[in-house]
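Notes for the one structure printed next.
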Amino acid sequence: MALKKLKEYLQNLSHEGIALAFSGGVDSTLLLAVLGEINKEKPFPLAALTMHTVLQNDSEITAARNMCKKFGVRQEIFSFNPFLLPEVKNNRTDRCYHCKKAIFTRFCEFSAKEKLKYLLDGTNADDLSTYRPGRKALQELGILSPLAELHIGKRQIREMSATLSLPTASKPAVPCLATRFEYNTLLNDDKIKNVAAAETWFHQAFPQVENIRLRVHGSLARLEISRQDIPEIAAQAERITEELKRFGFQYITLDLEGFRSGSFDAGLR
């Protein structure tokens, strides 16, 4: 029923042109798949807009490109240096607002030029109850969030993705790499690339562990993983410590509270 409602919602917008902010994540991939299906049934002006920055792994861009090819949707890839924004460079608590505003302003300009009336993003219903300062930027720019508007949350999105046999149905969330650092600490390319490389090593060394976050507190690395995986990872303490010290961390800790999305957002509203 939810999938049918989503398709009807998107069909009602399609005749005036749609641009989709597409990251390649679970949420935006579901929208891409449904839009691709609608476009095959009755072609309409459609484009997927992807922003490439240092705050995401290059592998995500490759995955997004492949997904657009799979569904036959035109993709436009933009680039942006988020550290030109002092709010992002200094990792302020409203960092996401300023970053989203800059990115979606670029998307809006492209959409207007291409006469694509509606610009959509993958914000879902669950995002409305968590700390998401970027939502303010989307609201200011008039971005539509179909999943949120139709009260579709992450569980439903994964179920719908499985129904459509999407490879992202069980894909772990891949948030912005700035979320690995404490707020109000200076960010730069080297720090971001270092933590990305460390997490990549961890994923390759322990592919069975789905959720991994390496949170950075100066020279201390705090590993967040799902609680059920803690015993296995703790048993590999010597190996992990030796490897992560090669990335420049002096202290390596394992967070006993386990993985939780947005742990640096505790206390923020």
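Checking side-chain atoms of Lys101 against main-chain N and O of Leu141 turns up no donor-acceptor pair under 3.5 Å. When atom types are taken as modelled, the side chain of Asn188 and the backbone of Lys191 share a donor-acceptor pair closer than 3.5 angstrom. With hydrogens and angles disregarded, no donor-acceptor distance shorter than 3.5 Å links the side chain of Asn90 to the backbone of Arg92. Judged purely by atom type and a 3.5 angstrom limit, Thr179 uses its side chain to pair as donor or acceptor with the backbone of Cys176. A donor-acceptor contact shorter than 3.5 Å is absent between the side chain of Ser226 and the backbone of Gln228.
Counting heavy atoms from C-beta on, the side chains of Ile152 and Ile157 come closer than 4.5 Å.
Of all heavy-atom pairs between Ala198 and Leu244, the closest is CB-CD2, 4.0 Å. Minimum interatomic distance between Met51 and Ile61 (heavy atoms only, all atoms of both residues): O-CD1, 4.0 Å. The shortest heavy-atom contact between Ala48 and Phe22 is CB-CB, 4.0 Å. Considering all non-hydrogen atoms of both residues, Cys99 and Phe80 come closest at SG-CE2, 4.0 Å.
Under the 3.5 Å distance criterion, with hydrogens and angles disregarded, a donor-acceptor pair is assigned to the side chains of Ser145 and Arg135. Defined by atom type and a distance below 3.5 Å, a donor-acceptor pair is missing between the side-chain atoms of Ser170 and Arg158. Judged by distance alone, the side chains of Tyr9 and Glu149 do bring a donor and an acceptor atom under 3.5 Å apart. With hydrogens and angles left out, the side-chain atoms of Ser59 and Asn57 include no donor and acceptor closer than 3.5 Å. Side-chain contact, Thr168 with Ser161: no donor N or O sits under 3.5 Å from an acceptor N or O.
Note that CG of Leu119 is 8.0 Å distant from CG of Leu20, once rounded to the nearest 0.5 Å.
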Candidate pair Leu35 and Leu46, rule side chain to side chain contact (heavy atoms under 4.5 Å, CB included), full reasoning: CA-CA 8 Å; Leu35 286 169; Leu46 172 65; 4.1 Å; yes

Chi angles and distances behind the salt bridge (Lys or Arg N to Asp or Glu O under 4.0 Å) call for Arg213, Glu224: CA-CA 5 Å; Arg213 295 288 185 274; Glu224 288 183 17; over 6 Å; no

Worked verdict on Tyr251 versus Ser219 for side chain to side chain contact (heavy atoms under 4.5 Å, CB included): CA-CA 6 Å; Tyr251 306 101; Ser219 61; 3.8 Å; yes

Criterion salt bridge (Lys or Arg N to Asp or Glu O under 4.0 Å) on Glu242 and Lys245, from CA distance to verdict: CA-CA 5 Å; Glu242 179 181 357; Lys245 283 192 173 183; over 6 Å; no

Side chain to side chain contact (heavy atoms under 4.5 Å, CB included) evaluation trace for Thr253 with Arg222: CA-CA 5 Å; Thr253 65; Arg222 173 170 59 89; 3.5 Å; yes

Working for salt bridge (Lys or Arg N to Asp or Glu O under 4.0 Å), residues Glu243 and Arg239: CA-CA 6 Å; Glu243 188 65 33; Arg239 176 191 178 193; over 6 Å; no

Test side chain to side chain contact (heavy atoms under 4.5 Å, CB included) applied to Leu3 and Leu164, step by step: CA-CA 10 Å; Leu3 191 56; Leu164 296 176; 4.0 Å; yes

Worked verdict on Lys154 versus Asp127 for salt bridge (Lys or Arg N to Asp or Glu O under 4.0 Å): CA-CA 9 Å; Lys154 185 66 79 175; Asp127 293 330; over 6 Å; no

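Comment: Arg260 engages Asp255 in a salt bridge, judged by a side-chain N to carboxylate O separation of less than 4.0 angstrom. Taking 4.0 Å as the cut-off between side-chain N and carboxylate O, Arg74 and Glu76 count as a salt-bridged pair. No salt bridge links Asp126 with Arg155; every basic N to acidic carboxylate O contact stays at or beyond 4.0 Å.
Residues in residues 45-54 take part in these side-chain hydrogen bond (donor to acceptor under 3.5 Å, both in side chains) pairs, two or more places apart or across chains: Thr50-Gln75, His52-Asp58. Annotation: side-chain hydrogen bond (donor to acceptor under 3.5 Å, both in side chains) contacts involving residues 193-203, sequence neighbours excluded, comprise Arg180-Glu199. For residues 32-42, the side-chain hydrogen bond (donor to acceptor under 3.5 Å, both in side chains) pairs, not counting sequence neighbours, are Lys7-Glu37, Lys7-Glu41.
If you look at Phe181 and Phe264, their ring centroids are not closer than 6.0 Å. You'll find the ring centres of Phe107 and Phe110 outside the 6.0 Å limit.
Using cut-offs of 30° and 60° for the angle between ring planes, the Phe202 and Phe206 rings count as tilted.
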